[in-house]
Amino acid sequence: MGFRAVFLGPPGAGKGTQAARLVEERSPLHISTGDMLREHRSKGTELGEQAKAFMDAGKLVPDELIIAMVEDRLGGVETGSEGGEAGASPDQSWILDGFPRTLPQARALDASLATPLTHVVYFRVPQDVLVSRLSGRWTCSSCGAIWHERFKPTRSEGVCDNCDGALKQRPDDRPEAVSQRLEIYSRDTEPLLDYYKSRNVLCEVDADRAPDEVFSSLTAELAAS
Ligand code: AP5
């Protein structure tokens, strides 16, 4: 049986970085609501237009929009119309990265899953570390790889090591948006820790360590049932 995991943690905790490595080594489906919304924006869809102002200000996109988007995607995963050859096999693992972020989202997820979550992984990082991670983050505009000017620099400034794509900074990594995101995380998302603790699926990874060490702890947690 594969894992069906939620990655929970503040902005900049390293959820996307660890998810990318897990995809490389274990091939779970990676469902990132932030990436999905950025894709909608780059394609100019109605949802992308609706989400833009919320995202750039560091606010959450309204629950009803996000829940509809995720239910649509998970429906594909659970019926096997998504996920390539693995389809809906119970061995097909998946990660939800950045969802749920509010109690209504968590309840909607519970109601929509045919088989319950196996893990909710909380990435714990102190706030001052988060700010320095977000302010130095650069993302490849072509392949989406995540870099950091100090912690994970590219060989050549502004150019992705993987595909030579141009690097860009996210608009919501500006200082005003970062403080807003951290505040909203404490208010709206942190209560999910108790929600999932009471359901016995919560595990914790100390994410204030080198990426390799974080990855070892993460895979150990996912191997435990
Ligand atoms: P989203 O894209 O989900 O952003 P986030 O949760 O704020 O998380 P981040 O992507 O900022 O951080 P991360 O934990 O993935 O860290 P990363 O690996 O990049 O959401 C964006 C927006 O979309 C939201 O603000 C909201 O508007 C909207 N949205 C999305 N989902 C929503 C939902 N469910 N409901 C409502 N609205 C929603 O790492 C950060 C940096 O640190 C990188 O530079 C990386 O290289 C570096 N780094 C990573 N790990 C380490 C390490 N161990 N040591 C040193 N550096 C490290």
Side-chain angles (χ1 to χ4, degrees), residues 6-23 30-41 47-48 50-71 73-74 95-106 108-109 121-126 128-140 144-154 160-161 167-174 176-190 192 205-218:
V6 163
F7 281 8
L8 190 63
K15 304 178 296 293
T17 298
Q18 296 297 328
R21 174 132 180 223
L22 205 57
V23 168
H30 177 208
I31 303 170
S32 156
T33 43
D35 289 349
M36 289 167 78
L37 290 168
R38 283 183 285 275
E39 200 180 322
H40 274 280
R41 286 179 59 168
L47 173 57
Q50 288 170 311
K52 185 175 185 307
F54 294 103
M55 294 175 78
D56 289 351
K59 295 181 176 162
L60 293 183
V61 174
D63 282 339
E64 60 274 19
L65 297 178
I66 291 288
I67 289 168
M69 179 181 83
V70 172
E71 283 181 350
R73 180 76 176 266
L74 278 175
I95 314 160
L96 265 176
D97 168 3
F99 181 93
R101 268 167 138 106
T102 64
L103 282 168
Q105 291 181 16
L109 177 62
V121 184
Y122 167 47
F123 291 79
R124 186 167 45 78
V125 180
D128 55 327
V129 176
L130 298 171
V131 173
S132 66
R133 284 189 185 177
L134 293 172
S135 60
R137 170 166 59 187
W138 289 84
T139 307
C140 177
I146 304 165
W147 304 96
H148 192 282
E149 56 196 30
R150 275 195 293 142
F151 307 134
K152 196 182 174 194
T154 49
C160 179
D161 282 3
L167 302 189
K168 60 174 188 200
Q169 279 196 302
R170 277 173 41 177
D172 58 346
D173 282 346
R174 285 173 294 110
E176 321 82 80
V178 165
S179 56
Q180 172 84 289
R181 286 161 70 200
L182 292 172
E183 222 171 87
I184 288 176
Y185 170 79
S186 308
R187 191 190 66 203
D188 293 340
T189 309
E190 253 176 10
L192 296 186
V205 167
D206 173 4
D208 184 18
R209 294 177 296 159
D212 284 352
E213 292 174 54
V214 178
F215 190 71
S216 299
S217 300
L218 169 65

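Numbers for residues simply follow the sequence, beginning at 1. Indexing begins at 1, ligand by ligand and atom by atom, following the structure's order.
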Please determine if [X] has a nitrogen or oxygen closer than 3.5 Å to a nitrogen or oxygen of ligand 1.
X	value
Arg137	yes
Lys152	no
Ala13	yes
Gly9	no
Asp35	no
Phe151	no

Under a 4.0 Å heavy-atom limit, does [X] contact ligand 1 with its side chain, its backbone, both, or neither?
X	answer
Asp63	neither
Asp208	neither
Trp147	backbone
Ile66	side chain

Among all protein heavy atoms, pick the one closest to [atom] and tell me residue, atom and distance.
atom	value
atom 15 (O) of ligand 1	Gly16 N, 2.8 Å
atom 27 (O) of ligand 1	Lys59 O, 2.6 Å
atom 8 (O) of ligand 1	Lys15 NZ, 3.3 Å
atom 29 (N) of ligand 1	Leu37 CD1, 3.5 Å
atom 16 (O) of ligand 1	Gly14 N, 3.2 Å
atom 18 (O) of ligand 1	Thr17 OG1, 2.6 Å
atom 43 (C) of ligand 1	Ile146 CG2, 3.5 Å
atom 52 (C) of ligand 1	Arg133 NH2, 3.2 Å

Quick check: closest heavy atoms across [X] and [Y], and the distance to 0.1 Å?
X	Y	answer
Leu134	Pro11	CD1-O, 3.8 Å
Val205	Ser217	CG1-CB, 4.0 Å
Pro100	Leu8	O-CD1, 3.8 Å
Val61	Ala51	CG2-CB, 3.9 Å
Phe99	Gln105	CD1-OE1, 3.2 Å
His30	Arg73	O-NH2, 4.1 Å

If you measure from the Lys or Arg side-chain nitrogens to the Asp or Glu carboxylate oxygens, is any gap between Asp212 and Arg21 under 4.0 Å?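 Result for this pair is yes, salt bridge flagged.
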
Pair Asp173 + Arg181, salt bridge at N-O below 4.0 Å: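 Salt bridge: yes.
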
For [X], state whether at least one heavy atom is located under 4.0 Å from any atom of ligand 1.
X	value
Arg170	yes
Gly12	yes
Leu134	yes
Gly58	no

If hydrogens are left out, which of Arg101, Arg150, Arg181 has an atom nearest to atom 20 (O) of ligand 1, that is, the closest non-hydrogen atom?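 That would be Arg101.
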
Just to be sure I'm reading this right: ignoring hydrogens, which of His148, Arg38, Arg209, Arg21 gets closest to atom 2 (O) of ligand 1? Compare them by their nearest heavy atoms.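 Answer by nearest heavy atom: Arg38.
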
Can you list the atoms of ligand 1 that are under 4.0 Å from a heavy atom of [X]?
X	value
Thr33	30 (C), 31 (N), 32 (C), 34 (N)
Gln105	33 (C), 34 (N), 35 (N), 36 (C)
Asp172	21 (C)

Could you tell me the separation between the [atom1] atom of [X] and the [atom2] atom of [Y], rounded to the nearest 0.5 Å?
X	Y	atom1	atom2	answer
Leu47	Met69	CG	CE	6.5 Å
Ile66	Leu60	CD1	CG	8.0 Å
Tyr185	Gln180	OH	CD	16.0 Å
Cys140	Ile146	SG	CD1	11.0 Å
Arg209	Arg124	CZ	CZ	9.0 Å
Arg187	Glu190	CZ	CD	12.5 Å

Does some side-chain heavy atom of Ile95 sit less than 4.5 Å from a side-chain heavy atom of Val121?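 In short, these two side chains do not touch, never coming nearer than 4.5 Å.
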
State whether the side chain of Glu213 and the backbone N or O of Asp208 hold a donor-acceptor pair below 3.5 Å, judged by distance alone.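 Checked: no pair found.
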
